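Read the structure below first, then the notes.
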Amino acid sequence: MIIALHLLSLILALIIDQLIGDPRWLPHPVRGFGKMISLMDQALNRGSWKKLKGLIMLFILLSITLVLTFIIVRYAYSIHLVLGIFIESVLISTTIAARGLKEAGLSVYTPLLRGDLEEARKKLSWIVGRDTEHLPHSEIVRGTVETVAENTSDGVTAPLFFAFIGGAPLALLYRAVNTCDSMVGYKNKRYKDFGWASARLDDLLNYVPARLTALLMAGGPGEKRFTLSWLKEQARNHPSPNSGWGEAAVAGILGIRLGGTNYYKGQVSYRPFIGRQTYSLKAIHIERTIAIMQRAVMWFTIVLIAAGGMYIVAAQSWS
């Protein structure tokens, strides 16, 4: 029964995300996470024992998230089953960003088609941390493709994965960890120790969803089939243990090469290439990457439904 409710809620959450996305006028849990993390960063990220303090920050954030979400969902279900499903679906929808990823990609793709590189660079700067002021057409495309490819997992399929396991409480817990990692999970002097726990937990939670998503990207009908060893080999070229999987799958499907040189506030940063270049990067690769993302989300949802169905059948046979 619980798995069936989780499945129904996550399917409805996907529909809600497609219909309204993430309107700025609605309150959003991630903004709340960000404020809490900023406050604890200012209060705790100083002096000695920074690893322990970072762990304490993570524990406080996750405890509040889990308990508060559980109470809200439980109370909604206690009033009526339909209300419970609705509230849980809305909460899960705040953790996924399929529509947002599509819109972000298209916001760069559209000016590129017009040849408006200045506007494309501006829109790309909204979704990446690298310097974009002087990027040529191909590098604008690369930045957009990499963003959509690597965020397919942590922005869509990973929250769905945890929603399937534990409903809205676990989906929001995942999003809280992901937000922590994005804010303090850096390897610079300020956050190397304080953000250590957040970064390691984020790596752990994304391990399975990232790999499953990449396999579904590459194994969908009409796509190129890749061996696991090839995906592993290419994914290792990314500094993140998980983000490279989505990029490797997209690069292989499209016959393009990702990675290379980026600049961050004028400082050069290089990472090895991912994929083998058969085609030069063109604007159309953004549109195709969005299509790959959408198909991967569809197949990921189908896999969850199938797994849930098998669990329900097995549970009934055991009872």
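What you see below is based on every heavy atom in this structure, not just the backbone, and it leaves out hydrogens, waters and symmetry mates. It should be emphasised that the depicted structure is a prediction, and the values quoted were computed from it without experimental measurement.
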- Contacts of P241 meeting side chain to side chain contact (heavy atoms under 4.5 Å, CB included) (sequence neighbours excluded), chain-then-number -> D203
- Rounded to the nearest 0.5 angstrom, the CG-CZ distance for L8 and F86 is 13.0 Å
- Query: Under the side chain to side chain contact (heavy atoms under 4.5 Å, CB included) test, which residues partner S63, sequence neighbours left out?
  - Reply: F59
- Check E139, R271, R142 against N262 for a side chain to side chain donor-acceptor pair (under 3.5 Å) and give me the one that passes. R142
- Query: Any donor-acceptor pair under 3.5 Å linking the side chain of T95 with the backbone of L91?
  - Reply: no
- Message: I need the minimum non-hydrogen distance between A168 and V73, along with the two atoms involved.
- Response: CB-CG2, 4.0 Å
For residues 151-164, dump all side-chain donor-acceptor pairs below 3.5 Å to protein atoms at least two apart in sequence or in another chain.
residue	atom	partner	partner atom	Å
N151	ND2	T147	O	2.7
T152	OG1	V148	O	2.7
S153	OG	A210	N	3.4
T157	OG1	T152	O	3.3
T157	OG1	S153	O	3.4
T157	OG1	T213	OG1	2.7

- Task: May I have the step-by-step check of side-chain contact (heavy atoms from CB on, under 4.5 Å) for L55 and K51, ending in yes or no?
- Result: CA-CA 6 Å; L55 183 61; K51 278 191 176 182; over 6 Å; no
- Task: Determine whether V128 and Y263 fall in the same hydrophobic cluster, where Ile, Leu, Val, Met, Phe, Trp and Tyr are linked whenever their side-chain heavy atoms lie under 4.5 Å apart.
- Result: no
- Item | Heavy-atom side-chain proximity of T278 to I256 below 4.5 angstrom | no
- Task: Evaluate the side-chain contact (heavy atoms from CB on, under 4.5 Å) criterion for residues M183 and S198: first the C-alpha distance (whole Å), next the side-chain angles of each, then the deciding distance (0.1 Å), finally the verdict.
- Result: CA-CA 9 Å; M183 293 183 66; S198 298; over 6 Å; no
- Message: Working note: Y174 + N206, criterion side chain to side chain donor-acceptor pair (under 3.5 Å); need CA distance, chi angles, decisive distance, verdict.
- Response: CA-CA 9 Å; Y174 167 80; N206 278 296; 2.7 Å; yes
- Message: What I want to find out is whether E287 reaches K102 closely enough, with some N-O distance under 4.0 Å, to be called a salt bridge.
- Response: no
- Message: Checking R175 now: which residues fulfil salt bridge (Lys or Arg N to Asp or Glu O under 4.0 Å) with it, not counting sequence neighbours?
- Response: none
- Message: Can you confirm whether Q234 sits close enough to F273 that some side-chain heavy atom of one is under 4.5 Å from a side-chain heavy atom of the other?
- Response: no
- Mind checking the CG-CG spacing from L10 to D17? Nearest 0.5 Å is all I need. 12.5 Å
- Say whether I79 and I72 are linked into one hydrophobic cluster, either directly or through other cluster members, by side-chain heavy-atom distances under 4.5 angstrom. yes
- Give a yes or no answer on whether the side chain of S107 reaches the backbone of A104 with a donor-acceptor pair at less than 3.5 Å. yes
- Donor-acceptor contact below 3.5 Å, side chain E247 vs main chain L258: no
- Task: Please check if the side chain of D131 supplies one atom and the backbone of G266 the other of a donor-acceptor pair under 3.5 Å.
- Result: yes
- Query: Salt bridge or not for E118 and R121, using N-O below 4.0 Å?
  - Reply: no
- Main-chain N/O of S9 paired with S89 side-chain donor or acceptor, under 3.5 Å: yes
- Item | Side-chain touch I292/R295, heavy atoms, less than 4.5 angstrom | yes
- Using the test salt bridge (Lys or Arg N to Asp or Glu O under 4.0 Å), find all partners of R31 that sit at least two apart in sequence or belong to another chain. none
- Gap between atom CG of L172 and atom CD of E88 - 0.5 Å precision: 9.5 Å
- Polar side-chain atom of R257 near backbone of Q277 as donor-acceptor pair, under 3.5 Å: no
- State plainly whether the residues D41 and R190 are in salt-bridge range, i.e. N to O under 4.0 Å. yes
- H137 side-chain N/O to L117 backbone N/O, donor-acceptor pair under 3.5 Å: no
- Query: By salt bridge (Lys or Arg N to Asp or Glu O under 4.0 Å), which residues pair with R211, not counting sequence neighbours?
  - Reply: none
- According to a 4.5 Å side-chain heavy-atom criterion applied to Ile, Leu, Val, Met, Phe, Trp and Tyr, with indirect links allowed, do W196 and V177 form part of one hydrophobic cluster? no
- Message: A side-chain contact here means heavy atoms from C-beta on lying under 4.5 Å apart; do L124 and I127 qualify?
- Response: yes
- Message: Can you give me the closest heavy-atom contact between T132 and S125, atom names plus distance?
- Response: OG1-CB, 3.4 Å
- Item | Interatomic spacing from CD1 in I60 to CD1 in I56 - rounded to 0.5 Å | 7.0 Å
